[in-house]
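Each remark here refers to the structure printed beneath this line.
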Amino acid sequence: MALPRRRHQPHKRARFLIPTISAVSAVLVLLFFCFSFLVPSPTDIDHFHHRRHYSSMNDGDGDGVGVGNGVPVFRVPTSGGVYDRDIWRSKNAQFYYGCSNASSKFAKAEDVTRPNRYLAIATSGGLNQQRTGITDAVVAARILNATLIVPILDKKSFWKDNSNFSEIFNVDWFISYLAKDVEIIKVLPHRRGRVWTPYTMRVPRKCNDKCYTNRVLPVLLKKRAVMLTKFDYRLANKLEMELQKLRCRVNYHALKFTDPILELGAKLVQRMRMNTKHYIALHLRFEPDMLAFSGCYYGGGDKERRELGKIRRRWKTLHISNPDKGRRQGRCPLTPEEVGLMLRALGYGKDTHIYVASGEVYGGEETLAPLKALFPNFYSKDTISSKQELEPFSAFSSRMAALDFIVCDESDVFVTNNNGNMAKILAGRRRYFGHKPTIRPNAKKLYRLFLNRENMTWGEFASKVRTFQRGFMGEPKEVRPGRGEFHENPSSCICEDSEAKAKMDLGPLKRGKGSITTKKDTDVASEDQNMDDDLEWSDPEDYEDPSNEQVKVPYNQTSLDYDALMTEDTELDELLSD
């Protein structure tokens, strides 16, 4: 009986072995599927690598030393460190000041303005793009010896703000302040008892004074009233000195916001200073529209390409062939994390208060998390004001932008993350009013540094950031006169107190803290800055169709038909970087 039991034993074992093998196989297959979901796809490897950088930012106090194999550990300190400069002031700023008064040779408006010669302007874009148009419109009227009609603001662009000039700017102050320079009236007078319809036309971008006298003046002499449409950046960068100073009088003195905007703006500034002596204002400029237009790639894989590609299709003639190229060439905004690392390397510690002017950030809170970890004192107009306070402004994008403008202008340090209109206007304004520090990332050099930061210590990284940022900090004479946009670098309106500077230069030259910038330092900074100025940023508001049609439409100051005024290329000019 024992022998048969031995003969049937293998069959009995097999009966138990097969289910066991099946169960183990099922577990292995399940683990395989789980693993495949956890491991990023090849297209997401860059994004994963980017997140891994953030995990290494432990806000430690150490510099990071080699572990085991000698590879440096990249540790971000909580403090900004101690450097040989005042991080809240520009060097030698006390020797430079804004000067835009007209000379005795500049004739009064009443002596040069011709009768029956009226110039109307239809601006384009959002608040700051329109501000450049308003400023240049005054100068254009002066060139043509014409009476200027208070400019009409764009109501049909991306911003869809139906505010009139008088609802954003103090129109009476605007007219009275410029009375000696240009005659300005609020509305075009009636002609023979009827509404006067001006002849509409468009001038090329960067049109100089001869361009206006050759193109516009003959039409103005014949039609008596002319409207220039889509008026943004339609005046040359270089003009004679008196006209440049007129530009500055308009931009820095005549254009004042209305009292409600100024009052709430002052409250926001006061609240930023309640718990800190100094604060940074950051124009983050990391909205989906901006990233889509720039065509830049940030390592988000197929999801990022799909989302931004969908937005990009709204610009029908915009084609992006190499998404990585823009980042390498420094034509793209830094990520919020990269901005935070740059600021920490420049000396701003974790206790620094930051006001962020930004719309919807691409990636939301996940994208902002590294910046907030570096600078937890993180504010915006929405966090330091009540819903009731913002309610009168919230439906008007330009009025909301005006509030951000005020807080950024009053900040001790302004950081711009792209070179759009707001960045240019504020950079120029801050130079004019005392050279308050304005930091523009040297994105081309910083991008390569960010990619390699895990291969160096924090000390090495911070040192290189400070080196790369020379010439990008808003210092006096950082940009050579005449370089860059005039609204960004109003060199004709910046005067130097050479006598006071000479006395300082005669003093002992001290090294270290408080030392004077040497000529060598200034020259290197200027060269680096101006090399970068030769690169044009990808900016939606400057994306212009070359067409220059002339159209005739009825004119009415309170109800302008923008659909008729603006040709089909309006879609390409919708402002995304204000």
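This one's a predicted model, so the numbers in the text were calculated from it and none came from an experiment.
The backbone N or O of Glu460 lies less than 3.5 Å from no partner atom in the side chain of Ser463, so there is not a single donor-acceptor pair. The closest donor-acceptor contact from the side chain of Arg344 to the backbone of Leu341 lies at 3.5 Å or more, if one exists at all. One N or O on the side chain of Arg431 and one on the backbone of Glu488 form a donor-acceptor pair closer than 3.5 Å. Counting only distance, with no hydrogens or angles, the side chain of Glu287 and the backbone of Gly359 share a donor-acceptor pair below 3.5 Å.
Between the CZ atom in Phe486 and the SG atom in Cys248 there is a gap of 3.5 Å [rounded to 0.5 Å]. In this structure, CD in Gln130 is found 11.0 Å from CG in Leu255, a value given to the nearest 0.5 Å. Rounding to the nearest 0.5 angstrom, the gap separating the NZ atom in Lys445 from the OG1 atom in Thr467 is 9.0 Å. Atom-to-atom distance recorded for Met342:CE and Phe450:CZ is 7.0 Å, nearest 0.5 angstrom.
For the pair Arg131 and Phe257, the cation-pi test (distance below 6.0 Å, angle within 45°) is passed.
Taking 4.5 Å as the limit, some side-chain heavy atom of Glu410 sits within range of a side-chain heavy atom of Tyr279. Looking at Pro333 and Glu338, their side chains never come closer than 4.5 Å, going by heavy atoms from C-beta outward. The shortest distance between side-chain heavy atoms of Asp409 and Phe433 does not fall below 4.5 Å. The shortest side-chain heavy-atom distance between Leu264 and Glu389 falls under the 4.5 Å cut-off. Inter-residue side-chain proximity for Met456 and Phe461 is flagged as met; some heavy-atom pair is nearer than 4.5 Å. Between Tyr355 and Lys381 the shortest side-chain heavy-atom distance falls below 4.5 Å. Residues Thr352 and Leu343 are not in side-chain contact: their nearest non-hydrogen atoms beyond the backbone lie 4.5 Å or more apart. Using a 4.5 Å heavy-atom threshold, the side chains of Glu478 and Arg440 count as separate.
Within 6.0 Å of atom NZ in Lys372, more than 12 heavy atoms from other residues, nucleotides or ligands are found, so the atom counts as buried in its surroundings.
Remark: aromatic rings of Tyr432 and Tyr252 are close, center separation under 6.0 Å. Here Tyr348 and Trp88 bring their ring centres to under 6.0 angstrom of each other. With ring centers used as reference points, Tyr298 lies 6.0 Å or more from Tyr362.
Residues Gln244 and Arg247 have side chains that bring a donor and an acceptor to within less than 3.5 angstrom of each other. There is no side-chain donor-acceptor pair under 3.5 Å between Asp136 and Tyr233. In this model, no donor atom of one side chain and acceptor atom of the other lie less than 3.5 Å apart for Asn251 and Arg429.
Checked against the 2.5 Å cut-off, the SG-SG distance between Cys296 and Cys332 falls under it.
Put simply, the residue from Ile439, Val356, Leu446, Asn417 that forms a side chain to side chain contact (heavy atoms under 4.5 Å, CB included) with Val339 is Asn417.
Applying the disulfide (SG to SG under 2.5 Å) rule to pairs touching residues 410-472 yields nothing, sequence neighbours excluded.
Between His253 and Tyr177, the ring planes are parallel. Angles under 30° get that label, and only those over 60° would be called perpendicular.
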